[in-house]
Colleague: 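Have a look at this one.
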Amino acid sequence: MNIRLEDICKEYKRGRRSFTVLDNISFELPSGKFVVIKGDSGVGKSTLLGIISGLIRPTSGKVFIGDNEITSLEEGKLSSLRNAHLGIVTQDSDLIPYLTMEDNIKLTYEINRSDKEFDSQRYDEILDILGLSDLKGSYPSEMSGGEIKRAAVARALVMSPDVVIMDEPTANLDRNNVRSVLRLLRMMSDKGSTVIISSHEEEASAFADIVKDLEREAV
Ligand SMILES: Nc1ncnc2c1ncn2[C@@H]1O[C@H](COP(=O)(O)OP(=O)(O)O)[C@@H](O)[C@H]1O
Ligand SMILES: [Mg+2]
C-alpha cells in the first residue's frame with residue numbers, strides 16, 4: 001500500500017503557548033519502499049509516525065493509506081484498518097507482563113489475523129534473525145530492554161502487515177542487532193510491505209530506498 005501525506009501540520013500546546021512541530025509536510029511513499037525518517041531528537045519524528053499510524057490527529061492536512069483518507073475516519077473504522085494493514089512499533093511498545101514472549105506474539109496474531117492460520121515457519125525465521133529463538137518461554141521480566149524491543153518488532157512482522165511503521169526500532173540495540181533488525185525490515189520491503197521507520201542510526205540510511213530528513217524539510 002502506498003502512503004500519501006498532504007499538507008500535514010501539527011501544533012502542540014505547552015502551557016498556554018502553542019507551537020508548530022510539523023509545518024506543511026507533503027510526500028508520497030510508494031508501495032514496497034523502505035523509508036527512513038531522520039532528524040534530531042525533538043524534530044517531530046514520533047509525531048509524524050503517530051500521524052501516519054492514525055494514533056495522533058494532525059492539526060490540519062490529510063493522510064492517505066492506500067485509498068483511505070484516515071484523518072476523517074471514525075475511531076472504529078480507523079482501528080479496523082490499523083489492525084488489518086499496519087504493523088506498528090511505538091517508542092514505548094511493551095509486552096504484556098504476565099504472558100511469555102511467545103504468547104505475547106501469538107495473542108496479537110490471533111486478535112488481528114483470526115482468519116489466517118499462524119505461520120510457524122515464518123515465526124521461527126523471524127525469531128531466528130532477531131536472535132530471540134531461545135526466549136519463547138521467557139516472561140518480559142526475564143528479558144533485557146533490547147530483547148523486549150526486538151520481540152515487539154517480531155510481534156508486528158509476524159503478521160506480514162502491508163505497512164510497517166516503527167519508531168526507532170534500533171534504539172538501544174548493539175551493532176549486530178541493529179543490523180539484524182534493518183536486514184529484516186529490508187526483507188519485508190523486498191517482499192512488498194511499505195516500511196517506514198524513524199532512526200538516527202547512520203546505518204539505517206544504507207538499507208533504505210528513501211531517506212527523509214525532517215530537519216531539512218523544515219527549512
Ligand atoms: N503530546 C504532546 N504535547 C505537547 N508537546 C509534545 C507532545 N508530543 C511531543 N511534543 C513535543 O513536540 C516536539 C516533537 O516531539 P517528537 O515528535 O516526539 O520528536 P522526535 O520523535 O523527533 O524526538 C518535541 O518538542 C516534544 O516535546
Ligand atoms: Mg521520537
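These values consider heavy atoms only, across backbone and side chains, with no hydrogens, waters or symmetry-generated copies. Counting starts at 1 for both ligands and their atoms, in listed order. Positions are given from 1, in the same order as the sequence printed here.
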Colleague: Indicate yes or no: does R186 engage E203 in a salt bridge with an N to O separation below 4.0 Å.
Modeller: no
Colleague: So, the side chain of S93 versus the backbone of T90: is there a donor-acceptor pair under 3.5 Å, distance only?
Modeller: yes
Colleague: Suppose we screen for salt bridge (Lys or Arg N to Asp or Glu O under 4.0 Å). Which residues come up paired with D40, at least two apart in sequence or across chains?
Modeller: none
Colleague: Write down the atom of Y98, the atom of Y139, and the distance for their closest heavy-atom approach.
Modeller: O-CE2, 3.5 Å
Colleague: What angle sits at the Mg ion (ligand 2) between OG of S46 and OE1 of Q91, to 10°?
Modeller: 70°
Colleague: In a table with atom names and distances, give each donor-acceptor pair under 3.5 Å that connects a side chain of residues 129-137 to protein atoms at least two apart or in another chain.
Modeller:
from, atom 1, to, atom 2, distance (Å)
K136, NZ, D124, OD1, 2.9

Colleague: Check side-chain hydrogen bond (donor to acceptor under 3.5 Å, both in side chains) between E142 and all other residues, then give those that pass, not counting sequence neighbours.
Modeller: none
Colleague: Under a strict 4.0 Å criterion on non-hydrogen atoms, which protein residues are in contact with ligand 1?
Modeller: Y12, K13, R14, F19, V21, D40, S41, G42, V43, G44, K45, S46, T47
